[in-house]
Amino acid sequence: MPEGPEVETIRRDIESLICGRQIVDIRLSGKALRTPISLKSLKPLIGQTIQAANRHGKLLWLEINETTGVFFRLGMTGRIHIHEQNHPGEAHTHVTLRFDNNEELRFIDPRRFGSVVPYFSIEEKKAEFAKMGPDPLAWGSKPPAEVAQKMCESARLLKVLLMDQKLIAGVGNIYASEALFLAELSPFKRGDQITIKQATRLLQCCRKAMQTAVDQRGTTFMSYVDGFGRKGDNQSRLFVFSRAGKPCKKCQTPIKKSIQAGRSTFYCQSCQK
């Protein structure tokens with residue numbers, strides 16, 4: 001599933017290609033996505049000009065103005081590509097925005113767990129952000145003190161806390177495992193078992209792991225590709241994720257794999273205490 005760094009990579013790829021472009025037509029596959037979508041709901045976007053491509057957490061949105069735009073959630077297998085209109089059609093293309101320069105944005109999603117949702121008021125826009133915590137890629141070197149405090153007051157496992165989008169936006173299974181390794185903390189510790197100093201370091205490591213991934217254009221294991229259809233390069237730089245049985249890059253101890261909250265967790269039992 002694309003996480004914050006993958007969505008940020010796509011945002012950067014498409015930003016210069018679509019900003020200033022007018023939407024002249026919209027086409028749908030007719031198949032349902034995670035959130036119901038209809039041409040009627042998107043039609044008011046036709047004739048509008050895109051001013052910005054923004055992201056928070058795993059949410060990407062194209063902004064027409066302060067109160068109008070369209071949200072994209074990639075879900076598990078969603079992709080966004082920019083092509084000329086005469087480029088061959090791609091399977092599982094469910095939403096196509098055509099622009100005034102004979103190019104188009106295609107939202108492709110084989111499993112259809114993603115969503116494309118327009119908004120037409122500041123209230124609708126704010127409602128999306130109210131569901132998400134701060135984004136590690138946006139908070140700089142000093143993470144929010146209130147997030148560290150909430151972590152230390154929680155009886156939930158650290159791995160689960162990191163993946164709670166209401167607490168921290170954009171961290172998924174990959175970067176939660178990587179951040180815990182960098183912070184030298186066991187994924188089996190609870191939030192109330194660590195200090196504020198440790199929680200702050202863990203949050204700093206979230207940002208470090210995610211920024212490295214952005215620099216390497218994302219992590220590809222299955223379906224993720226960037227805005228130009230290319231795989232990411234970050235998978236070779238991972239310390240623990242998907243490396244079960246392989247030697248730890250720091251101490252050579254074999255990486256372990258466990259299941260937490262239905263998701264795979266990878267860790268080094270020697271480095272992470």
Side-chain angles (χ1 to χ4, degrees), residues 1-9 57-58 74-79 110-111 113-114 133 136-137 147 151-152 154-195 198-199 201-226 231-273:
M1 179 183 293
E3 301 180 26
E6 288 72 46
V7 180
E8 174 62 16
T9 299
K58 302 176 186 179
L74 301 184
M76 294 183 69
T77 58
R79 306 195 304 273
R111 299 191 68 177
F113 289 158
L137 289 170
V147 177
M151 293 186 75
C152 291
S154 176
R156 291 188 292 168
L157 297 176
L158 292 177
K159 172 85 179 302
V160 175
L161 284 168
L162 291 177
M163 294 175 61
D164 182 350
Q165 299 303 297
K166 292 182 180 180
L167 183 66
I168 309 168
V171 181
N173 207 27
I174 298 172
Y175 303 111
S177 289
E178 290 296 296
L180 284 163
F181 176 82
L182 292 173
E184 300 181 344
L185 288 170
S186 168
F188 304 107
K189 276 188 177 292
R190 301 193 312 266
D192 58 11
Q193 292 177 315
I194 65 172
T195 65
Q198 288 175 310
R201 172 168 165 72
L202 177 55
L203 295 174
Q204 291 170 330
C205 288
C206 276
R207 184 182 187 279
K208 180 178 180 180
M210 294 173 74
Q211 186 58 59
T212 297
V214 171
D215 294 341
Q216 298 301 314
R217 302 190 59 77
T219 302
T220 299
F221 281 110
M222 295 178 64
S223 60
Y224 164 72
V225 291
D226 64 21
K231 293 181 179 181
D233 295 323
N234 193 57
Q235 49 273 17
S236 64
R237 294 175 177 258
L238 298 176
F239 287 97
V240 290
F241 189 82
S242 199
R243 297 191 69 246
K246 296 180 180 179
C248 173
K249 293 182 179 181
K250 287 187 178 180
C251 73
Q252 303 303 305
T253 300
I255 298 299
K256 294 285 188 178
K257 176 183 177 181
S258 185
I259 302 297
Q260 291 181 301
R263 306 296 299 276
S264 297
T265 293
F266 300 88
Y267 63 99
C268 174
Q269 61 184 351
S270 178
C271 292
Q272 295 174 251
K273 302 298 185 182

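- No side-chain donor-acceptor contact under 3.5 Å links E178 to the backbone of A209.
- At least one donor-acceptor pair under 3.5 Å links the side chain of E3 to the backbone N or O of N173.
- With no hydrogens or angles considered, no side-chain donor-acceptor pair links S186 and K273 at under 3.5 Å.
- Ring orientation note: the planes of F181 and F239 are close to parallel, at an angle under 30° on the 30°/60° scale.
- If you check the side chains of T219 and Y175, you find a donor sitting under 3.5 Å from an acceptor.
- Ion pairing between D192 and R190 holds under the 4.0 Å rule for side-chain N and carboxylate O.
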Evaluate the salt bridge (Lys or Arg N to Asp or Glu O under 4.0 Å) criterion for residues R156 and D164: first the C-alpha distance (whole Å), next the side-chain angles of each, then the deciding distance (0.1 Å), finally the verdict. CA-CA 10 Å; R156 291 188 292 168; D164 182 350; 2.9 Å; yes
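- Under the 3.5 Å distance criterion, the side-chain polar atoms of Q260 are matched with a main-chain donor or acceptor of P187.
- Looking at D226 and R217, a side-chain N of the basic residue comes within less than 4.0 Å of a carboxylate O on the acidic one, giving a salt bridge.
- Among all heavy-atom pairs drawn from V7 and P2, the shortest one is CG2-CB, 4.5 Å.
- Between L161 and G191 the shortest heavy-atom distance is CD1-CA, 3.9 Å.
- K246 NZ: 12 or fewer foreign heavy atoms inside a 6.0 Å radius.
- Side chain of T253 to main chain of C248: no donor-acceptor pair is present (N/O by atom type, distance under 3.5 Å, no hydrogens or angles).
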